[in-house]
Engineer: 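Encoded as structure tokens, here's the structure I'll be asking about.
For the numbers below, each heavy atom of this structure counts, side chains included, while hydrogens, waters and symmetry mates do not.
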Amino acid sequence: MGYWDLEDGKDCIEKTWITTKLATAVGLVGSAFHIAAFQPDSAIQAVQRTAAGTIAMASLGAIFGITTCLSAQARETPDDPLNYFVGGCASGIFLGVRTHSYMTGTTACLGLGALAALTKVGKKEGWRISGAPRL
């Protein structure tokens, strides 16, 4: 089952597991590109960079998944895009904490929150990014 197949506000562990796996994969790919672009001095440094990037992305996915689900449960509004904004914002705050920067946290909160909320609205309304238009 995929992320969108599960009902919002239910199966929080399963939804969090799915977002964590996806974010981990994105972190591994991003780390591979980073290592290719910025050559490390040693193999140990390459492993450290890969681990740091992958763990950070996995954490973002887990924070998003659990916060979105718990927000839907607490607010008793499972299909509300605000739940996704809260999840994206929580992930952005984590980035700010990780970088020790209020500005990074605020910007990432607003950016990731808006992206997540628009993704939910788009999913509900059937928006498409590519392909032939529906008539």
Side-chain angles (χ1 to χ4, degrees):
M1 292 188 72
Y3 182 81
W4 296 109
D5 296 332
L6 298 171
E7 184 180 345
D8 288 340
K10 307 270 192 222
D11 297 323
C12 288
I13 301 299
E14 183 68 26
K15 288 188 84 107
T16 302
W17 177 242
I18 291 169
T19 57
T20 304
K21 287 190 301 186
L22 179 61
T24 302
V26 170
L28 281 171
V29 171
S31 294
F33 278 110
H34 185 265
I35 287 175
F38 304 103
Q39 296 289 321
D41 295 331
S42 66
I44 292 176
Q45 189 179 32
V47 170
Q48 287 174 333
R49 283 190 203 173
T50 302
T54 303
I55 290 170
M57 286 300 293
S59 299
L60 288 173
I63 290 167
F64 174 79
I66 198 70
T67 305
T68 301
C69 193
L70 292 178
S71 175
Q73 285 182 353
R75 296 180 61 241
E76 297 178 356
T77 54
D79 276 342
D80 190 5
L82 184 59
N83 299 327
Y84 283 75
F85 181 85
V86 170
C89 186
S91 295
I93 290 171
F94 171 75
L95 284 177
V97 169
R98 189 170 184 271
T99 60
H100 304 284
S101 169
Y102 291 111
M103 186 56 76
T104 299
T106 302
T107 305
C109 168
L110 295 174
L112 292 175
L115 179 65
L118 286 172
T119 300
K120 178 62 177 178
V121 169
K123 183 68 176 169
K124 283 175 64 173
E125 294 183 1
W127 295 354
R128 295 175 48 180
I129 295 174
S130 64
R134 285 188 245 172
L135 300 176

Engineer: With sequence neighbours left out, write down each residue that passes side-chain hydrogen bond (donor to acceptor under 3.5 Å, both in side chains) with Ser71, or none if nothing qualifies.
Structural biologist: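 For Ser71, the residues satisfying side-chain hydrogen bond (donor to acceptor under 3.5 Å, both in side chains) (neighbours in sequence not counted) are Asn83.
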
Engineer: So, are Lys124 and Asp79 salt-bridged, with charged N and O less than 4.0 Å apart?
Structural biologist: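 Salt bridge between Lys124 and Asp79, a charged N being under 4.0 Å from a carboxylate O: no.
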
Engineer: Which ILVMFWY residues can you reach from Ile66 by hopping between side chains whose heavy atoms are under 4.5 Å apart?
Structural biologist: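 Reading the cluster by chain and number, Ile66 sits alongside Leu70.
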
Engineer: For residues 4-33, which residue pairs pass the disulfide bond (SG atoms under 2.5 Å apart) check, not counting sequence neighbours?
Structural biologist: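 Found Cys12-Cys69.
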
Engineer: Who are the side-chain hydrogen bond (donor to acceptor under 3.5 Å, both in side chains) partners of Ser101, not counting sequence neighbours?
Structural biologist: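 Ser101 satisfies side-chain hydrogen bond (donor to acceptor under 3.5 Å, both in side chains) with Thr104 once adjacent residues are dropped.
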
Engineer: Are Pro40 and Arg49 side-chain neighbours, meaning at least one heavy-atom pair lies under 4.5 Å?
Structural biologist: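 SC-SC contact between Pro40 and Arg49 confirmed.
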
Engineer: Cluster partners of Val47, using ILVMFWY side-chain heavy atoms under 4.5 angstrom, listed by chain and number?
Structural biologist: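 Once heavy-atom contacts under 4.5 Å are chained together, Val47 still belongs with nothing else.
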
Engineer: So, taking the atom named OG1 in Thr16 and the one named OH in Tyr3, what distance separates them when rounded to the nearest 0.5 Å?
Structural biologist: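 The distance works out to 8.0 Å.
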
Engineer: Asp8: which residues meet the side-chain hydrogen bond (donor to acceptor under 3.5 Å, both in side chains) condition with it, sequence neighbours left out?
Structural biologist: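 Result, side-chain hydrogen bond (donor to acceptor under 3.5 Å, both in side chains) vs Asp8: Lys15, Tyr84, Lys120.
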
Engineer: Say you draw a straight line from CD of Gln48 to OG of Ser31; how long is it, rounded to the nearest 0.5 Å?
Structural biologist: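 One finds 12.5 Å between CD of Gln48 and OG of Ser31.
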
Engineer: Among Ile, Leu, Val, Met, Phe, Trp and Tyr joined by side-chain contacts under 4.5 Å, find the other residues sharing a cluster with Ile93 and list them by chain and number.
Structural biologist: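 Its cluster partners, ordered by chain and number, are Val97.
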
Engineer: For Met57, what are the other residues in its hydrophobic cluster, where any two members join if their side-chain heavy atoms are less than 4.5 angstrom apart?
Structural biologist: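 ILVMFWY cluster around Met57 also holds Val26, Leu60, Ile63, Phe94, Leu95, Leu112.
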
Engineer: Does Leu82 share a hydrophobic cluster with Leu110, counting links as ILVMFWY side-chain heavy atoms below 4.5 Å and allowing steps through other members?
Structural biologist: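 Yes, one cluster joins them.
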
Engineer: May I ask whether Trp4 and Ile18 are part of the same hydrophobic cluster, defined by side-chain heavy atoms of I, L, V, M, F, W, Y residues being less than 4.5 angstrom apart, directly or through others?
Structural biologist: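 Yes, Trp4 and Ile18 fall within the same hydrophobic cluster.
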
Engineer: For the atom pair CD1 (Ile35) and CD (Gln45), what is the distance rounded to the nearest 0.5 Å?
Structural biologist: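 If I round to the nearest 0.5 Å, the distance is 9.0 Å.
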
Engineer: Can you pull out every salt bridge (Lys or Arg N to Asp or Glu O under 4.0 Å) where at least one residue sits in residues 90-104? Sequence neighbours excluded, please.
Structural biologist: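 As it turns out, there is no salt bridge (Lys or Arg N to Asp or Glu O under 4.0 Å) pair with a partner in residues 90-104 once direct neighbours are skipped.
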
Engineer: Please list, chain by chain and in numerical order, all residues satisfying side-chain hydrogen bond (donor to acceptor under 3.5 Å, both in side chains) with Glu125, sequence neighbours excluded.
Structural biologist: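 If we apply the side-chain hydrogen bond (donor to acceptor under 3.5 Å, both in side chains) test to Glu125, skipping adjacent residues, the hits are Trp127.
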
Engineer: Please check if atom CD in Gln39 has more than 12 non-hydrogen atoms from other residues, nucleotides or ligands closer than 6.0 Å.
Structural biologist: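 Counting other residues, nucleotides and ligands, CD of Gln39 exceeds 12 neighbours.
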
Engineer: May I have all residue pairs that pass ring-ring contact (aromatic ring centres under 6.0 Å, His included) and include part of residues 9-55, sequence neighbours excluded?
Structural biologist: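 Sorted pair list: His34-Phe38.
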
Engineer: Please, which pairs that meet disulfide bond (SG atoms under 2.5 Å apart) have at least one residue in residues 102-134, sequence neighbours excluded?
Structural biologist: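 Counting only pairs at least two positions apart or across chains, the disulfide bond (SG atoms under 2.5 Å apart) contacts touching residues 102-134 are Cys89-Cys109.
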
